[in-house]
Structures are given as C-alpha cells and as structure tokens.
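Since the structure comes first, as structure tokens, the remarks are kept for the end.
In what follows, chains carry the letters A, B, and so on, assigned in the order in which the sequence lines appear, proteins first and then strands, with residues in each chain numbered from 1.
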Amino acid sequence: MNQPTTSPKPAGRRKFELDPRFQSYKGVWVFMEQNHGEIHPVSFELLGEGRKLADQLGVELAGIVVAGCDADADRFCAEAFFHGADLCYSLTHAALTHYRNQPYTQVLTDLVNRHQPEILLLGATTMGRDLAGSVATTLQTGLTADCTGLAIDLDNRSLAATRPTFGGSLLCTIVTLNYRPQMATVRPRVMSSPVRDTSRSGRILAEHPVLAETDIITKLLEFLPDDRRNETHLPFADIIVAGGRGLKRPDNFRLVWDLADALGAEVGATRPVVQAGWVTADRQIGQSGKTVRPKLYIAAGISGAVQHRVGMEGADVIIAINPDPDAPIFDFATYGIVANAMQILPALTAAFRQHTAAMKKAV
Amino acid sequence: MHILVCIKQVPDSAQIRVHPVTNTIMRQGVPAIVNPYDLVALEEALRLKDRLGARVTVLSMGPPQAEAALRKALSFGADEAILLTDRAFAGADTLATSYALASAIRKIREDMPVDLIFAGKQTIDGDTAQVGPGIATRLNMQLLTYVSHIDNVDLERGEITVQRRAEGGVQVLCTRLPALLTVLEGINEMRFATMPDMFRAARHPLAIWDREAAGVTDLTKVGLKGSPTVVSRVFAPTPRMHRAEIIQTQSDQPDDLVATLLAKMFTKFPDLRAAVRPRCA
C-alpha cells in the first residue's frame, strides 16, 4: 500500500456563510436505540464519540430516548448519562413501545424541528438506517451512512464523516455544508464503548407526544425472537480466530475451530471463504460482513485485503500467520509469523492448552 | 396490481482496483452489472406477478448506458422499463436521487396507480440503503425495510403482511398498500432468463425520460445542486504504520515460534491471560 495522503485537498472546505435559519442549531444528539427493554450497545459507542464532538464544539451532548413507558425511559436516560450524555429528551407513548417507521419518524423530526441540534447520530442497524433515511428526507438534510470516523472541522463547525466506499477499497470524507442537522449513522463496534460511570447524571426533558394508534398504518402483529443458541457473538467476542483462503482446503478450516475451542473464541472468516461455503455467512468479517473489536484476533491464512481489514483493525492485538512476508496483513498486525497456517495452528492450540493447564495449577 | 422495481447499474465492486500512485478508482475494464440486491427485489416482484398477476415496471436513474440494466430486468420478465436520464441529475447524493425518482414515480402513477414498490436492501457501490426510505417518505408511502419474507398480499383489503429483520428477531408487520419494500438477500433465488425472453427484451421499446418527462421542475432539488452532502476528500486507507513484529527463532520450528510468540505477547499484554477461557470438550 502506498503512503497516505498527508495533505488532503480541501474540496469541501470552501468558505461559506451558514444559512441564517440554521444558525440557531446547536448541540450533538445521539438516538438511543432500544429493543425489548434494552439499549443497543451501538448507542453507547455513539455517546462516547458524540462526547468528543460536543466537547470540541463546546456544546451539550443529548441522548434521545424513545420508549413505550416512563419506567423504561427513565432507565434508558440513566444509562445515557452513565455513558456521557449531559441531558436526555425522553419521548414516551404506548405506540412507541416497538419500532415502527412512521411514528418514530414523526416524533424524531418534530423534536429536531423544535430543539434544533447541529449533529444527529444513529446506529447503522436495521432500525437506525430505516429511521435515519426517513428523518433526513423529511428534514431535507444530508445523511452519511455507515461512517467509520467522525471529526469536527473547526473552521466552519462542520461534521466531517469518513466512510468506506467502492467496497472498502477507498475511504471518503463527506460534509454537509449548508444544511442542519448533519446526520450520520455508524456501524456497531466501529467505535469503542466509553467506560460506564454510574456517578454521572443529567437533566431529563420528558415529553409525551400526541399520537393515536388509529393514525399509525403499520401494525406489529408479532415478534419472532431469534434462536439464541445458534447465534454467533462475533461483534462482542474477546478473542476471534479467523481463517482465509490461505488454508487451501475446507477440511483445513477444522484447525481454526480447534484453536477457537482451546481459547474459548469465536470463529470468523473472510469473504472468499464464506463464498466458497466453508463457513456460514454470519461469520464473515469485513466491509460486507461484521465489524469486530476483540482483545485478540488471530488471522490464519488471511492476506489482509482492505475489505477484510476495515472489519477487524479495531482489535487490540492481531496475530497474523501467512507464508508471504509481503502480505499486507503484516503492515498492521501486532505479531507476525511468516509460515504456513496449517503447521502453526496446531502448535498454537497445543501451546494455549498448556497455558490454560498452567494457569489452573497456579490457582 | 402494478409493481414498480427500482434498480441501479453499478460497477462490480469486487473487481475495482485503486491505482497505487494516484489513489483513483480504475474503472477501465470493470464490468457494469445490475446491483445484485436489486435483482433479489426484482425476483420477489416477479414471484408476486406469477402468483397473483401483476404488471411489473422497472425504473432506473443513470447514464444512457444503464439501458443494459433495464434490458436485463426485461429479460427476466419485467413488462415495462423506464430510464431516467438527464445531465441535470448528475452528481446527485441520496436526497437528490430520491427526489428525481419520486417525481418520476408520480408520473408513472398518473398512468396506472402503483400498489407496491420494491428496492434492494442497498447498493454495492454506495452501500447507503437511503434511497428506498427516501422515496417512501417523499411519496408518503408505508416503508418496510429488510423484509425477509412476504407472508401475504391481500388485494381486496389492500394489505400486505411481511417479516422484517430486526435486532434479535423478526417483526411480523401488516400494512396498507401502497407500500415500499426493501428486501434482504436470501429471500429467493433468481430465475434464469429464457431465450425467447432475451429476444423480447432486446426488441422491447424502452421509455427514456429526461427531467421534463419525469416532471422535475425545480432544478435546485436534483443533481449536484440538490445534494446537501459534499465529498471533501477521497483517500486510500492509511496503514497503521507500525509493521508487525515478526516472530523468529533459531530453529523456526512451529513449536518454538509459538512458544516465543506467547511469551512475548503475555509479557506485553498480561490482560490477555485472563481472556483465554477454553470451552469444555
């Protein structure tokens, strides 16, 4: 890979005067996504990022809580404060218990129009993307999807949102110049979660929007929960062992599973391996798969193509095993072993099993 | 029933390469394909047509070459195809794109009311998943994204029941037509076009609409002018700039390499010791 561009061309940094009707827009908002009584972890990750943006701008960070009852809403607000919010707008109504596009779009756009934030962040989940698309269109403002980096351009207080494009082969930075709020969605696990500080608190601005169930056209008939036993927990795994095409044959992938068992780790894979049918699609890591940030990531037979890298470079420690000393994975891994993964994986499995046995004895 | 399917012609992103010196996209030789997620949407529309009878119209916005994408859709069994093409639409972001498409759909509705609009989950070039929700919002239609199954379409009552992917499970939702659906991959398997269908598609007249035909009057709402977002910078991902520490031993035997690695790693990152929690055999 070539040298990074050190002096970006300031194409979007043209001088401009913000339209007077937007000058009152102040503050950073994070939409607190809740599903069945629980806040989605991406909302905490956004609060962590939103805190930095708000501090840079010298404004407050608000959590937007939408819930079916006050008890739930109060609990969600407390969590938002623990994770960095200064205040929360709390919107409760029985019709808002479960997500539906129409009522959520209505209450959120109405809140934005009345309280005028300059930045509004949502998780790039099935809910966040559905809601953000509708809200941005209703407000006639810019929305940048699936961002991997957010920063403030202090020259004009604009949000510079960076996202992968063309399948992850390039990154682009997008700004929303003369429209407010500036909206962005961020994928789960791209940002790190802030430390939960239960000594923090904040102001709650509670509202009870006027909604009538009879006006809401879409009805939720049923919720069918997923079978949790078969679920993979890649995004929140502490250790991941991932295999790529360098393993050569599907039966060699067994070595990845063996090491994962010895570590209590989850198994991940690159896109070619998933496409070849060696593992199921829910184990794909990268641009078109999942984003992960484990403590330890072991990449076996993975070259480190950009499409894979964007999904795993947030790992604390990366061990790369690849016979090609020039493989791009060695440019960003922590440790590298230049060798055939088929020989190293069994040795690693044995060594970690020994380590566990030694730890047990020590206790 | 009249079903509209929105499709986009995209470069096959799997084959895109970045020029190592100039950091620009090398488009030469990269084939243009129909966005794969849009084909899933088209197939779902065609299945409803097979089951319930319907007219299926495909709509695309893009340069004149996007005609190829529409002909492909016709060969699978779509009845009519409309290409929205005008220099004024160039450089549009998702907000400006949904404005032009919604405007064209209003024109289509004058001819024959639209009951259902299908769109892909997202495109493989932009990956935004924003144009579908944008169109639904502009046309004040009910929006059902990430649909994993269509349970029922009741034309008499004008209702549709679907399963929608959500966090931790599936929502079963019933809504009133007209509605806009974006569908997930894996909901169906694409059919093959037959020879006669391919011939029909090649001969079939295509409707080519410019901004006037699409009913776009406000030019500040389309193209670059109508786009609130601006790309300020395009760049290649920066390497972490600290190369991996390559583990070497005198023997370079797997066991020695691994022992050295673990010793180094557990010294520098002692927290990792506790993270290892093997599963019972």
Which one of [options] has the most heavy-atom pairs closer than 4.5 Å to chain A?
{"options": "I135(B), D252(B), T175(B)", "answer": "T175(B)"}
{"options": "Q163(B), Q253(B), R165(B), Q142(B)", "answer": "Q142(B)"}
{"options": "L261(B), D255(B), L257(B), D271(B)", "answer": "L261(B)"}

Which region of [X], side chain (C-beta onward) or backbone (N, CA, C, O), has a non-hydrogen atom less than 4.5 Å from a non-hydrogen atom of chain A, or is it both or neither?
{"X": "D93(B)", "result": "neither"}
{"X": "R273(B)", "result": "both"}
{"X": "T161(B)", "result": "side chain"}
{"X": "T229(B)", "result": "both"}
{"X": "L272(B)", "result": "side chain"}
{"X": "L173(B)", "result": "both"}
{"X": "E159(B)", "result": "neither"}
{"X": "A275(B)", "result": "both"}
{"X": "I246(B)", "result": "both"}

Does [Y] offer a backbone N or O that forms a donor-acceptor pair with the side chain of [X] under 3.5 Å?
{"X": "E222(A)", "Y": "V172(B)", "value": "no"}
{"X": "N188(B)", "Y": "V40(B)", "value": "yes"}
{"X": "T105(A)", "Y": "N101(A)", "value": "yes"}
{"X": "S103(B)", "Y": "Y99(B)", "value": "no"}
{"X": "T334(A)", "Y": "I318(A)", "value": "yes"}
{"X": "R100(A)", "Y": "T218(A)", "value": "yes"}
{"X": "T123(B)", "Y": "G126(B)", "value": "yes"}
{"X": "D261(A)", "Y": "P278(B)", "value": "no"}

### Query
Looking at I329(A) and A299(A), what are the two nearest heavy atoms and their distance?
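Closest heavy-atom pair between I329(A) and A299(A): CD1-CB, 3.8 Å.
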What part of [X] gets within 4.5 angstrom of chain B, counting heavy atoms only: side chain, backbone, both, or neither?
{"X": "E33(A)", "result": "side chain"}
{"X": "T138(A)", "result": "both"}
{"X": "Y179(A)", "result": "side chain"}
{"X": "T162(A)", "result": "side chain"}

### Under 3.5 Å side-chain donor-acceptor pair for Q130(B) and T94(B)
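Present: a donor and an acceptor within the cut-off.
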### Query
Of all residues at least two apart in sequence or in a different chain, which pass the side chain to side chain donor-acceptor pair (under 3.5 Å) check with K268(B)?
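Listed in chain order: nothing, the list is empty.
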Pick from [options] with the largest number of heavy-atom pairs that fall under 4.5 Å of chain B:
{"options": "R353(A), Q343(A), H36(A), R129(A)", "answer": "R129(A)"}
{"options": "V338(A), D238(A), I319(A)", "answer": "I319(A)"}
{"options": "A160(A), A262(A), A124(A)", "answer": "A262(A)"}
{"options": "A281(A), A265(A), A350(A), A320(A)", "answer": "A265(A)"}
{"options": "P294(A), A347(A), P325(A)", "answer": "A347(A)"}
{"options": "L220(A), L263(A), I217(A)", "answer": "I217(A)"}

### Query
Is there side-chain contact between R163(A) and D127(B), with at least one heavy-atom pair below 4.5 Å?
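The answer is yes, as the side chains (C-beta and beyond) meet within the 4.5 Å cut-off.
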### Task
Determine, stepwise, if the pair K295(A) / D316(A) fulfils salt bridge (Lys or Arg N to Asp or Glu O under 4.0 Å).
CA-CA 5 Å; K295(A) 294 189 173 114; D316(A) 295 340; over 6 Å; no
